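Note that ligands are numbered from 1 as they come in the structure, with each ligand's atoms numbered from 1 the same way. All figures in this text were calculated on a predicted structure; none of them were measured in a lab.
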Amino acid sequence: MTQEKRLVLDWTKVHDVFPIEKHLANETSNLISAKKSLVSGKGKSPEFTGWVDYVKEEAQSVLHSIKKQVETICNHSDAVVVVGIGGSLLGTKAVYEALTHSFAIVNQESLHRRPVLFWAGHHIALDELSELLDALDSYSPSLIVVSKSGGTTEPALAFRILKKYLDDRFGTEEASHRIFAITDPNDGTLLKIAKENNYPHFPIPKNIGGRYSIFTPVGLLPLAISGVNVTEFVAGAEQAFYDSTSEKNHSLETNPALCYAGIRNILYANKYKIESLCTWSPKAKGIAEWWKQLFGESDGKENSGLFPASANFTTDLHSLGQYFQDGERHLFATHLKVADEYSLAKGSLKRKIKIPNCSLNDGFDFLTGQELSHVQNEAQQGTFLAHSDGKVPTLIWELPEMNAWWLGYWMYINMFACGVGGYARGINPFDQPGVEDYKNNMFALMGKPGHADKAAQIRSRLSSGNRLRSLGHTSK
Ligand SMILES: O=P(O)(O)OC[C@H]1O[C@H](O)[C@H](O)[C@@H](O)[C@@H]1O
């Protein structure tokens, strides 16, 4: 079924604004050699390119190995809290939100009676975590803690708090049957904790960095629990692997990953410094969050790189729309559109919505009887044209359907484009040295052993100099 359809990357409306075709032709050989370096493991940080062919065989054996745990968890839990941050959470959240019902109550009671997923460890905010603890009282929850390094502050603290909650509620013995870890296979604090407490644990391969890990147990275990068709998800990615890496497929016309990588790099080199991924359903917002980490951490190197932003339309046409149309011309838009809008509702209640006939006199009678998806399509076409008239290069991904197979396919294509584009630009798309700066300052200020000297230095920098501020109202 799905195989007859195609993912399309339409760059007509880039060309309307900028002569991309000529530039792409000049860039092709650079892209092909970047692709060869990535596939052969001869580029920068080859020790982090294990994700390239992981989807071919290893992901299949993961699916096999998690089967029993998935059943066990589904038998005793109706909610699973996934604890993680960045690459240890964003992909899972993206796929879950896109492919399962938005309203947990329907997900659980009407559809497939699978546990709902909740999220923790992706911030240090008291308000949301305390509300999560309130909500968990109404469920029989389990916990999956995901951290490759095993030492990231946010998930480590959330894990402590949630483990205590489970211990207090169920007793340590039962709680230990409700806790699962996904982490480095050989090292790290989380692995040690899992072993000491007999928590079942699953590996994140050493040669796969967080933002490239969605097809490892990081994504597959929680998504399988939630009822997402992970077999199809992996199958889509596997097909994308063949389409992207094939020795025979160096043509930009049949290799969307190469083409996308090339267009991004060319636009960046020609004054377009911001790329906005524009999604068209609230359910796709998480996809943009995943995409922002993938490209943000990969591209932002050596004081250069496209800034990845996002917009969710049509909602944001009423806030950011003005900027897209008339603001500074330093951005381009990459839309993620779904060809078969009905596929969006297929995972839920297969419902088509028509604009009903109402005696409202609201000026919208001309739409009576039209399907909502038709209105969405017209809104999209109108937006693409308006933005390209406003000189915003507009790139359009058209996904045949929003389902596990095509989402797996598209996510892999983006990962591959990210790796190729980084190599073609001469940067390392597989490290993230900048993130360490914030972490080290935070560790020092929190008093982590070994950071004392740095703490004193930071505190003196924070308190020195004149404080520049503006004061508002005094409380009564
Ligand atoms: O999985 P973890 O080791 O906890 O890391 C979670 C995230 O933390 C970071 O700071 C990195 O910049 C991300 O690339 C990573 O995905």
Side-chain angles (χ1 to χ4, degrees), residues 44-45 47-51 54 81-95 119-125 129 143-163 179-194 199 201-223 286-302 305 307-308 411 414-415 418-419 422 427-446 448 451:
K44 290 185 177 165
S45 286
E47 69 278 16
F48 289 118
T49 56
W51 57 272
Y54 184 89
V81 185
V82 182
V83 182
I85 197 165
S88 290
L89 184 108
L90 289 168
T92 311
K93 193 163 183 283
V95 178
W119 320 101
H122 54 310
H123 57 76
I124 325 175
L129 185 56
L143 212 63
I144 301 179
V145 53
V146 191
S147 177
K148 182 164 186 212
S149 62
T152 308
T153 307
E154 292 90 337
L157 297 184
F159 176 58
R160 272 189 175 222
I161 293 161
L162 288 159
K163 173 185 164 11
I179 298 176
F180 304 82
I182 303 179
T183 188
D184 186 285
N186 310 114
D187 302 307
T189 317
L190 183 56
L191 182 70
K192 203 167 135 253
I193 293 173
Y199 302 149
H201 50 93
F202 302 87
I204 308 176
K206 278 206 179 301
N207 58 0
I208 300 185
R211 57 190 180 273
Y212 295 88
S213 69
I214 179 63
F215 299 106
T216 73
V218 171
L220 299 184
L221 179 65
L223 290 171
I287 296 176
E289 295 307 310
W290 170 81
W291 175 93
K292 284 195 283 193
Q293 189 212 8
L294 174 65
F295 284 103
E297 284 196 345
S298 303
D299 274 348
K301 304 284 159 65
E302 302 170 20
F307 182 80
M411 289 173 99
N414 275 265
M415 283 160 45
C418 188
I427 52 104
N428 183 347
F430 302 118
D431 63 359
Q432 56 285 326
V435 184
E436 297 308 316
D437 295 348
Y438 132 81
K439 281 190 186 169
N440 289 333
N441 284 353
M442 185 171 77
F443 282 150
L445 290 169
M446 289 188 313
K448 190 172 178 179
H451 289 69

Can you name the atoms of ligand 1, numbered from 1 with element, that are less than 4.0 Å from a heavy atom of Lys439? 9 (C), 10 (O)
Taking the ring centre of each residue, are Tyr212 and Phe48 less than 6.0 Å apart? no
Please list, in number order, the atoms of ligand 1 under 4.0 Å from a heavy atom of Ser149. 2 (P), 3 (O), 4 (O)
Rounded to the nearest 0.5 Å, what's the gap from CD1 on Ile214 to CG on Asn414? Could you check? 13.0 Å
Side chain to side chain contact (heavy atoms under 4.5 Å, CB included), paired with Val146, selected from Ile204, Leu190, Thr183, Leu89: Ile204
With heavy-atom distances below 4.0 Å as the criterion, list the atoms of ligand 1 near Gly87. 16 (O)
Ligand 1 atoms nearer than 4.0 angstrom to some heavy atom of Gln432 are 12 (O)
For Val435, the ligand 1 atoms with a heavy-atom partner under 4.0 Å come out as 10 (O), 12 (O)
I'd like to know if Asp431 pairs up with Lys301 as an ion pair, taking the criterion as any Lys NZ or Arg NE/NH1/NH2 lying under 4.0 Å from an Asp or Glu carboxylate oxygen. yes
I need the atoms of ligand 1 closer than 4.0 Å to a non-hydrogen atom of Glu297, numbered in the order shown. 11 (C), 12 (O), 13 (C), 14 (O)
When you compare the side chain of Thr153 with that of Lys439, does any pair of heavy atoms fall below 4.5 Å? no
Proximity of Lys148 to ligand 1 by residue part, where a heavy atom lies under 4.0 Å: both
Under 3.5 Å between any N/O of Pro155 and any N/O of ligand 1: does that happen in this structure? no
Value for CG (Leu157) from CG (Leu162), rounded to nearest 0.5 Å, stands at 11.0 Å
CG on Asp187 to NZ on Lys148, rounded to 0.5 Å: 10.5 Å
Ranking Asp431, Leu90, Leu190, Thr152 by closest non-hydrogen atom to atom 4 (O) of ligand 1, top hit is Thr152
Atom 7 (C) of ligand 1: closest protein heavy atom, distance to 0.1 Å, is Ile85 O, 3.7 Å
